[in-house]
There are 2 protein chains.
Amino acid sequence: MPSSTPHPADSNGSPPLEAGTPAFSPLYQQIKGLILQSLQSGEWKPGEAIPSEMELAARFRVSQGTVRKAVDELAAGNLLVRRQGKGTFVATHAEHQVQYRFLRLVPDSGDQASEGPAERRILECRRTRAPADIARLLAIRSTDAVVQVRRVLAFNGTPTILEDLWLPGAAFKGLSAEQLADYRGPTYAMFELEYGVRMVRAEEKIRAVAADAAQAELLDVSAASPLLSVERLAYTYNDTPMELRRALYRTDTHHYRNELS
Amino acid sequence: MPSSTPHPADSNGSPPLEAGTPAFSPLYQQIKGLILQSLQSGEWKPGEAIPSEMELAARFRVSQGTVRKAVDELAAGNLLVRRQGKGTFVATHAEHQVQYRFLRLVPDSGDQASEGPAERRILECRRTRAPADIARLLAIRSTDAVVQVRRVLAFNGTPTILEDLWLPGAAFKGLSAEQLADYRGPTYAMFELEYGVRMVRAEEKIRAVAADAAQAELLDVSAASPLLSVERLAYTYNDTPMELRRALYRTDTHHYRNELS
DNA sequence: AAGTGGTCTAGACCACAAC
DNA sequence: TTGTGGTCTAGACCACTTG
């Protein structure tokens, strides 16, 4: 039930009549918000189908075209996936499609397929208090608990990524090194399944840095080798930051791929 | 006039009847192709308004909704820009909006505005034969002429980017160091204006590398400093590569920003 | 055959910009 | 006031998937 603003039933042109600026919001945006709420609340789980367009239209008392536009935008933002003839599904990190949805590092050969899943080596997994800078980025208090994970990812036996994950402790109670090591598939898929945390978008800041001694050893490169520093802040619904990831990529056999338009 | 496939006038369901797979193409895709052709042919120039949706609908003999969908996709791909109440415009690099549409390097402060336009220092601008690797990427013969430009971009007096541009000689006859140095605004805007070449999308490969002596001096950093290597291949319409750009970014005061979803 | 998303149309009305 | 893009509806039909 969208808040009535433009509707053919409303033959009168009554304005929204809210406080301040009317802030006109199209019907389909309101529908989008409602669908988002259902996603957030877990009414439909990752990988599952949401109700058909007709059903949603009936539920929200709008035309099919209007829910279509709402779903279109959610699909454009990778929150939903449409499959003709089958239905519309909640996006997930668990589908092998592109293996790692947020990882832009690809082998120079371009042959992504020849490269099996990354071998994971967990170096550390501990709960601690959030350092000030981490807390700020995760939008939590610096007295709050966080889980810190350090690990190395290797491709075909070559250690390629060294990364630290920082997760809000409240949402990731019980996360262990074993769980991180054992889960088959993307870590973000495990987060969906085990903790109900769905990463929806992310921002990355990329730099070139020189490896220090410890980093060099872990990545099996010589000291001071140039490495790609990738700081990723990943968000769930509602623009809530849920993971800070600071990674170092070897770029001697791989590169970070980006598309601009 | 789109090739008839689905149309209410076609009461019969005659199949496309082409060779091989029918390869069904929706009407709006065909319209999209026609609009693309007009863009390509220069019928509408960068920054100009294209005909209104109603006019296009009449011209192509389809409904407004169909051209709307075609235009929507072109706008999503940043080829067109819609402005409510004013019209739909051909996208251009000349608008100061985001200054440099394809440059993802931003100051660490985040304060993009405080940073004036880059100061350009042209080190070299010459015509030569395309080296084999360059020719391959630009999809030209290695006997073909190319223009090579080397320059340094500085922000607030700090040299930050060292880059080589490789351009197909055929399309850039007469390009000179003076022209590159004197033009106010993005280089891609100058390409649009002077050479009718519009960069529409690009692919980047990013690595971390160590500065050699010459590079270090030009960027005013110590030798072997880590630098971000960004190789960009920029395309015009029709997926035709029109520029190869190999750049080194200093990332001590700036970083490469990327959004994932 | 039934159900889903995908396309297309026709027409009404709204928000925005410019004259 | 006029013209533009933006929203919304209702209904028809197409393409794809599954039983």
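In what follows, chains carry the letters A, B, and so on, assigned in the order in which the sequence lines appear, proteins first and then strands, with residues in each chain numbered from 1. Just the heavy atoms: all of them, side chains too, but no hydrogens, waters or symmetry mates, feed the values below.
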- Message: At less than 4.0 Å, is any side-chain N or O atom of A:R83 found next to OP1 or OP2 of C:dG5? Yes or no.
- Response: no
- Message: With a 4.0 Å cutoff (strictly under), does any side-chain N or O of A:K86 reach OP1 or OP2 of D:dC16?
- Response: no
- Item | Donor on one side chain, acceptor on other, A:Y256 and B:N258, under 3.5 Å | yes
- Task: State plainly whether the residues A:R257 and A:E259 are in salt-bridge range, i.e. N to O under 4.0 Å.
- Result: yes
- Message: Let me confirm one number: the CG-CD distance from B:L228 to B:E204, rounded to the nearest 0.5 Å.
- Response: 9.0 Å
- Can you tell which of C:dT7, C:dT4, D:dT4 lies closest to the side chain of A:E55? C:dT4
- Item | Length of the CG-C1' vector between B:L27 and C:dG6, whole Å | 13 Å
- A:Q84 has a side chain; which of C:dA15, D:dC16, D:dC8 sits nearest to it? D:dC16
- Query: Can a side chain N or O of B:K69 be found less than 4.0 Å away from OP1 or OP2 on C:dC8?
  - Reply: no
- Answer yes if the side chains of B:Y188 and B:E243 hold a donor-acceptor pair under 3.5 Å, and no otherwise. yes
- State whether A:S63 places a side-chain N or O below 4.0 Å from either non-bridging phosphate oxygen (OP1 or OP2) of D:dA10. no
- Task: Measure the distance from NZ on A:K32 to P on D:dT7 and round it to the nearest whole Å.
- Result: 11 Å
- Message: Tell me whether the side-chain N/O atoms of B:T88 come closer than 4.0 Å to OP1 or OP2 in D:dG5.
- Response: yes
- Query: To the nearest 10 degrees, how far apart in direction are the end axes of the helix from C:dA1-D:dT18 to C:dA18-D:dT1, each fit to five base pairs?
  - Reply: 10°
- Note on the structure: Among the nucleotides D:dT9, D:dT7, C:dC8, whichever has the atom closest to the side chain of B:P26 is C:dC8
- Message: Out of the candidates B:E203, B:K205, B:R245, only one should pair with B:R232 under the side-chain contact (heavy atoms from CB on, under 4.5 Å) rule; please name it.
- Response: B:R245
- Message: Would A:K45 and A:E43 count as a salt bridge (Lys or Arg N to Asp or Glu O under 4.0 Å) here? Give the steps.
- Response: CA-CA 6 Å; A:K45 301 215 173 338; A:E43 180 177 344; over 6 Å; no
- Examine the side chains of A:T66 and A:R61 and answer whether a donor and an acceptor come within less than 3.5 Å of each other. no
- Closest nucleotide of DNA chain D for A:Q29 versus for A:Q64: which of these residues is on the 5' side? A:Q29
